[in-house]
Structures are given as C-alpha cells and as structure tokens.
Amino acid sequence: MKKTTIALLSAAVIFGLNGCGNDTPSSSAPKTYSKTPAEVYAQSCKKCHGEHAEGNPKKKGPALNDRQAGELELDLYDVKNGGTNQSSGTEHDIMEHNMQKLMEKGYDYDPKAMAEYIEKSFYKREVSEAH
Ligand code: HEC
C-alpha cells in the first residue's frame with residue numbers, strides 16, 4: 001500500500017513537472033527520434049523532393065534547397081503543426097497530410113536538425129545545370 005502511494009506520488013510529480021512545460025533552457029532535453037534527418041530524408045522525402053532537394057515535378061514536390069536553414073525550419077514547423085508558411089503565407093495542405101502519414105510510420109524529425117541537414121547537404125547545389 002505504501003509503495004503504491006509513493007509510486008502515485010512520484011508519477012504525479014513527474015507529470016506535474018512535464019505539465020509546466022518550458023523546462024530550464026540549459027537542459028532542454030531534445031526529443032529523441034529513431035532516425036537521423038539524413039535517414040528520414042533518404043527514405044521518405046527524397047522521392048517527392050528530389051535526390052538533392054531540388055524538387056520533383058512528377059510528384060509536385062517543391063525544391064527545398066533554395067532557402068537557408070532558418071527559413072526552412074519554419075516551413076518544417078508549419079508542415080508538422082498545420083501552420084501557414086510564415087514567409088509566403090501559403091498553406092501546406094498536401095504536405096501536412098503527407099507528414100501525418102510519415103509520422104505514423106516513424107519518420108519524425110526535429111525541424112531544426114532537418115533544416116540544417118538539408119541546408120548543409122543541398123543548399124543551392126546546382127543539379128541539372130552544371131557550371
Ligand atoms: C508524397 C510526396 C511527398 C513526400 C513523401 C514528402 N513531401 Fe514535402 N511536399 C510535397 C508536396 C506536393 C508539397 C507542396 C504542397 C504543400 O506544401 O502542401 C510539399 C511541400 C513541402 C514543404 C513546404 C515547401 C515550401 O516551399 O514551403 C516542406 C518544407 C516539405 N514538403 C518537407 C518535406 C519533408 C521534410 C519530407 C520528408 C519527411 C517530405 N516533405 C516528404 C510532397 C511530398
């Protein structure tokens with residue numbers, strides 16, 4: 001009986017802390033994702049957004065390599081949270097739907113890490129027009 005009480009109390013403490021949200025900035029423990037941005041991109045984004053994020057007209061996937069990480073991060077947040085693109089004001093109905101499906105399959109990612117990955121790997125990389 002006593003053990004149960006303790007267990008319940010500690011559970012309450014844990015949930016209580018979580019409920020408070022904004023934990024201390026220093027220990028903003030990042031959510032862990034089962035896949036790295038590189039894996040998620042290769043396995044689930046590439047087919048619609050292109051090998052080098054240059055876009056894939058056949059799948060109507062727009063290029064993602066034409067903006068820097070900061071802006072891309074906002075777009076990725078919007079896509080995940082059903083928001084409106086803050087810079088262009090466009091909606092992402094298709095992509096939001098895709099993203100829900102992808103997250104169900106475990107293709108979740110940290111928007112910041114994904115944005116940095118895409119910028120680092122693909123930003124302004126000319127694919128079809130060689131210099
Ligand atoms: C089934 C095809 C498909 C897949 C898979 C897909 N996308 Fe998309 N994505 C689209 C289409 C089509 C659009 C444009 C329409 C829209 O925004 O709803 C889009 C739009 C976007 C946008 C907004 C672009 C902009 O210009 O604002 C982002 C960001 C994005 N996708 C990221 C991703 C990421 C990251 C993945 C992998 C986790 C992914 N997409 C997987 C088809 C896809």
Side-chain angles (χ1 to χ4, degrees):
M1 199 56 207
K2 201 156 178 243
K3 272 200 178 138
T4 325
T5 316
I6 293 171
L8 283 176
L9 275 179
S10 33
V13 168
I14 291 164
F15 286 123
L17 284 177
N18 277 344
C20 288
N22 301 334
D23 35 297
T24 50
S26 56
S27 76
S28 54
K31 184 173 178 244
T32 48
Y33 297 93
S34 54
K35 294 179 171 60
T36 64
E39 286 167 346
V40 172
Y41 191 85
Q43 291 163 27
S44 70
C45 317
K46 197 169 82 175
K47 67 172 189 276
C48 294
H49 288 282
E51 180 90 39
H52 300 101
E54 74 278 27
N56 179 354
K58 282 196 209 113
K59 296 275 187 184
K60 299 201 171 63
L64 301 175
N65 68 351
D66 58 352
R67 64 206 85 171
Q68 287 175 299
E71 195 186 330
L72 195 53
E73 186 184 338
L74 294 179
D75 291 334
L76 292 168
Y77 268 116
D78 291 341
V79 161
K80 283 179 80 167
N81 303 329
T84 301
N85 183 320
Q86 303 199 17
S87 42
S88 70
T90 50
E91 305 224 359
H92 298 300
D93 295 344
I94 302 170
M95 191 58 227
E96 278 163 28
H97 175 82
N98 292 342
M99 200 54 229
Q100 292 306 318
K101 294 268 169 258
L102 291 172
M103 287 198 282
E104 280 166 25
K105 291 188 197 151
Y107 292 115
D108 200 359
Y109 54 82
D110 174 43
K112 187 165 197 276
M114 179 60 95
E116 283 165 0
Y117 165 74
I118 292 176
E119 184 192 273
K120 195 158 69 83
S121 321
F122 310 125
Y123 182 58
K124 295 268 158 99
R125 186 171 286 189
E126 305 278 331
V127 181
S128 41
E129 314 160 53
H131 292 263

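When a ligand or atom number is given, it counts from 1 through the structure's own listing order. Throughout, residue positions are numbered sequentially from 1 according to the sequence presented.
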Check your understanding: Nearest protein heavy-atom contact for atom 18 (O) of ligand 1: which residue, which atom, what distance?
Key -> Met95 N, 2.8 Å
Review point. Hey, what's the ring geometry for Tyr117 with Tyr41, parallel, tilted or perpendicular (30° and 60° as the breaks)?
Key: tilted
Practice item. List the atom of Glu51, the atom of Glu54, and the distance in Å for their closest heavy-atom pair. Key: N-OE1, 3.4 Å
Check your understanding: How far is atom 36 (C) of ligand 1 from its nearest protein heavy atom, and which residue and atom is that?
Key -> Cys45 SG, 2.7 Å
**Study point:** Shortest protein contact, atom 5 (C) of ligand 1 (heavy atom only)
**Key:** Ser44 O, 2.9 Å
Point to revise | Closest contact, heavy atoms only, Glu119 versus Ala69 | key: OE1-N, 2.7 Å
Point to revise | His49 to Met95 - nearest heavy-atom pair and separation | key: NE2-SD, 3.9 Å
Practice item. Looking only at protein heavy atoms, identify the closest one to atom 28 (C) of ligand 1 and say how far it is in Å. Key: Leu64 CD2, 3.6 Å
Exercise for review: Run the contact test for Tyr109 against ligand 1 with a 4.0 Å cut-off on heavy atoms, strictly below, and give the result.
Suggested key: yes
Study note, to complete from the structure: for atom 23 (C) of ligand 1, nearest protein heavy atom and its distance come out as His92 CE1, 3.4 Å
Check your understanding: What residue and atom, counting heavy atoms only, is the protein's closest point to atom 14 (C) of ligand 1, and at what distance?
Key -> Pro62 CD, 3.5 Å
Study note, to complete from the structure: For Ser34 and Gly106 the tightest heavy-atom approach is OG-O, 3.8 Å
**Study point:** Under 4.0 Å to a heavy atom of Arg67 - the qualifying atoms of ligand 1, by number
**Key:** 24 (C), 25 (C), 26 (O), 27 (O)
Check your understanding: Out of Leu76, Val79, Asn98, which one pairs with His92 under the side-chain contact (heavy atoms from CB on, under 4.5 Å) rule?
Key -> Val79
Point to revise | Which atom of Leu72 lies closest to which atom of Leu64, heavy atoms considered | key: CD2-O, 3.8 Å
Check your understanding: Quick check: does Lys60 get an N/O under 3.5 Å from an N/O on ligand 1?
Key -> no
Review point. Considering only heavy atoms of Val40, which atoms of ligand 1 have at least one such atom less than 4.0 Å away?
Key: 38 (C)
Review point. Near atom 8 (Fe) of ligand 1, is there an N/O/S atom from His49 that is less than 2.8 Å away?
Key: yes
Check your understanding: Please state which protein non-hydrogen atom is closest to atom 42 (C) of ligand 1 and give its distance, to 0.1 Å?
Key -> Asn98 ND2, 3.3 Å
Exercise for review: Measure across Lys35 and Tyr107 and return the closest heavy-atom pair with its distance rounded to 0.1 Å.
Suggested key: CE-CE2, 3.5 Å
Exercise for review: For atom 1 (C) of ligand 1, grab the closest protein heavy atom and report residue, atom and distance to one decimal in Å.
Suggested key: Cys48 SG, 2.8 Å
**Study point:** Audit row: Glu39, Tyr109, side-chain contact (heavy atoms from CB on, under 4.5 Å) steps and yes/no
**Key:** CA-CA 10 Å; Glu39 286 167 346; Tyr109 54 82; over 6 Å; no
Check your understanding: So, is Ile118 polar-close to ligand 1, with some N/O to N/O distance under 3.5 Å?
Key -> no
